[in-house]
Trainee: 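Okay, handing you the structure first.
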Amino acid sequence: MSGTSEAAVEGGKAVRTFFGRLADGAEVSSWSLENGGTRLRVLDYGGIVQSLEIPDRHGRYANVSLGFGGIEDYVAGSPYFGALIGRFGNRIAEGRFTLDGESHRLPRNDGAHSLHGGDEGFDRRVWQAEPFTEGPDVGLRLRLTSPDGDMGYPGTLQAHVTYTLTADGDWRIDYEATTDRATVVNLTSHVYWNLAGEGSGSVHDHELEIAASRYLPVDAGLIPTGEPADVDGTPFDFRTAKPVGRDLRVAHEQSLHSKGVDHNYVLDKGLTDRPEPVAVLRDPASGRTLTIATTEPGMQFYSGNFLDGGLVGSGGRTYRQGDALCLETQHFPDSPNRPDFPSTVLRPGEVYRTTTVHSFGV
């Protein structure tokens, strides 16, 4: 898989280069996509967004996604930087669920719980990658087969994820999956955003707006406790844009559990057939903005609480607490154990489909 191939479109291109080699000898490629003023670099290992570059108000580019410069760091201990997450994004309590009367056990890789598909989730697989051009758009199709019993999940799952850069510079993600046996699915993207540029320091001055009147309170293990709660009067109220760090130090039981914010927001729009805007992130210093639209009913806002200065990023600087944030569009955590939450069950003959669009501006 080493070497370089290129497919060009008007205003965009897809370029493949050798990135590294895994311990089992498998080669990892990177794919560089450019269109509409956005530059995206994706690894076929984990579908990882290794970098995403956009201009500021003066036209100066910066990589606004945290990541590493080499494959070794991703394998050694990445906190899901830029990764495709599956088979189930977020946490499943005690690493178990029951479906159609049958109990399923999952790896417990987050204390007593299973997180992001287990310790060998989709973020640690080499995906089949194929570049494409469609009219003015350029993109990358990623495919993965997850066999029956993979990380404890039932059914052979065929996952298809498409990254598209549009002529306007939007980054669109279309997720699809089918199964030969009833299973649960919750795919998402785990980009760590810093619109001032990765390695530039804290995002606490970024302004964030989330179209959600409710969120899911969690216990000490970050598992939802039950009914959604109103954000009104809490540090979790982002219905009107405010600096990310403004209320992070406000004394609140939920903030103590997560050392900031690591909560699912119940989006006011609910589950929709078409992507609808749900969040806007802005860096006042650079002028860069990110608008997220999705079909999903929830979004996990994680304020980078567990970055501890122990990782050196692609720009050669360490990442510390609050140096980035994640906005993961998805279904709710622990949904397989919560019949009152929107269902994540996928059955034979059905097609799992979700879409999230990231739009950039100044």
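Only heavy atoms go into these numbers, but all of them, side chains included; no hydrogens, no water, no symmetry mates.
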Trainee: Going by atom types alone, do Asn305 and Ser303 pair a side-chain donor with an acceptor below 3.5 Å?
Mentor: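 Checked: Asn305/Ser303 side chains pair up, N/O donor to acceptor below 3.5 Å.
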
Trainee: Side-chain donor-acceptor pair under 3.5 Å between Gln330 and Asn90, yes or no?
Mentor: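 Note: Gln330 and Asn90 side chains meet the donor-acceptor criterion.
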
Trainee: Centre of Tyr175's six-membered ring, under 6.0 Å away, within 45 degrees of the axis: is that where NZ or CZ of Arg353 sits?
Mentor: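 No, cation not above the ring by the 6.0 Å, 45° rule.
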
Trainee: Can you confirm whether Lys242 is buried at NZ, in the sense that more than 12 heavy atoms of other residues, nucleotides or ligands lie under 6.0 Å from that atom?
Mentor: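 Enclosed: over 12 neighbouring heavy atoms sit under 6.0 Å from NZ of Lys242.
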
Trainee: Can you tell me how far apart CG (Leu311) and OG (Ser78) are? Round to the nearest 0.5 Å.
Mentor: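 The CG atom of Leu311 sits 7.5 Å away from the OG atom of Ser78.
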
Trainee: Quick test of your reading of the model: are Glu134 and Arg141 salt-bridged, counting only N-O distances below 4.0 Å?
Mentor: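 Arg141 and Glu134: salt-bridged.
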
Trainee: Determine whether the side chains of Thr295 and Thr272 contain a donor N or O and an acceptor N or O closer than 3.5 Å.
Mentor: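 Absent: no donor and acceptor within the cut-off.
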
Trainee: Take a 6.0 Å sphere around CZ of Arg143 and say whether it holds more than 12 heavy atoms from other residues, nucleotides or ligands.
Mentor: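 Yes, because the 6.0 Å sphere around CZ of Arg143 holds more than 12 heavy atoms from other groups.
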
Trainee: Answer yes if the side chains of Asp44 and Gln128 hold a donor-acceptor pair under 3.5 Å, and no otherwise.
Mentor: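 No donor-acceptor contact under 3.5 Å links the two side chains.
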
Trainee: Counting distance only, does the side-chain N/O of Asn35 pair as donor-acceptor with the main-chain N or O of Gly169 below 3.5 Å?
Mentor: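 Such a contact is absent between Asn35 side chain and Gly169 backbone.
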
Trainee: Using every non-hydrogen atom in the two residues, find where Asp123 and Ile48 come nearest and quote the distance to one decimal.
Mentor: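 Scanning both residues completely, I find the closest heavy atoms to be O-CD1, 4.4 Å.
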
Trainee: Would His113 and Glu94 count as having a side-chain donor-acceptor pair, cut-off 3.5 Å?
Mentor: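 Result is no, nothing qualifies.
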
Trainee: Quick one about Arg16 and Ser30 (side-chain donor to acceptor, distance below 3.5 Å, no hydrogens or angles considered), yes or no?
Mentor: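 Their side chains do not contain a donor-acceptor pair, so the 3.5 Å distance test is not met.
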
Trainee: Only one of Leu267, Ile173, Thr188 passes side-chain contact (heavy atoms from CB on, under 4.5 Å) with Thr294; say which it is.
Mentor: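 The option that passes is Leu267.
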
Trainee: Of all heavy-atom pairs between Thr179 and Arg181, which one has the smallest distance, and what is that distance?
Mentor: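 Nearest pair, atom of Thr179 first, then Arg181: OG1-O, 2.6 Å.
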
Trainee: Between atom CZ of Arg21 and atom CZ of Phe18, what is the distance when rounded to the nearest 0.5 Å?
Mentor: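 Arg21 CZ to Phe18 CZ: 5.0 Å, rounded to 0.5 Å.
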
Trainee: If you link I, L, V, M, F, W and Y whenever their side-chain heavy atoms are under 4.5 Å apart, who else ends up in the same group as Val266?
Mentor: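 Hydrophobic cluster check, Val266: joined to Leu216, Phe332, Phe341.
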
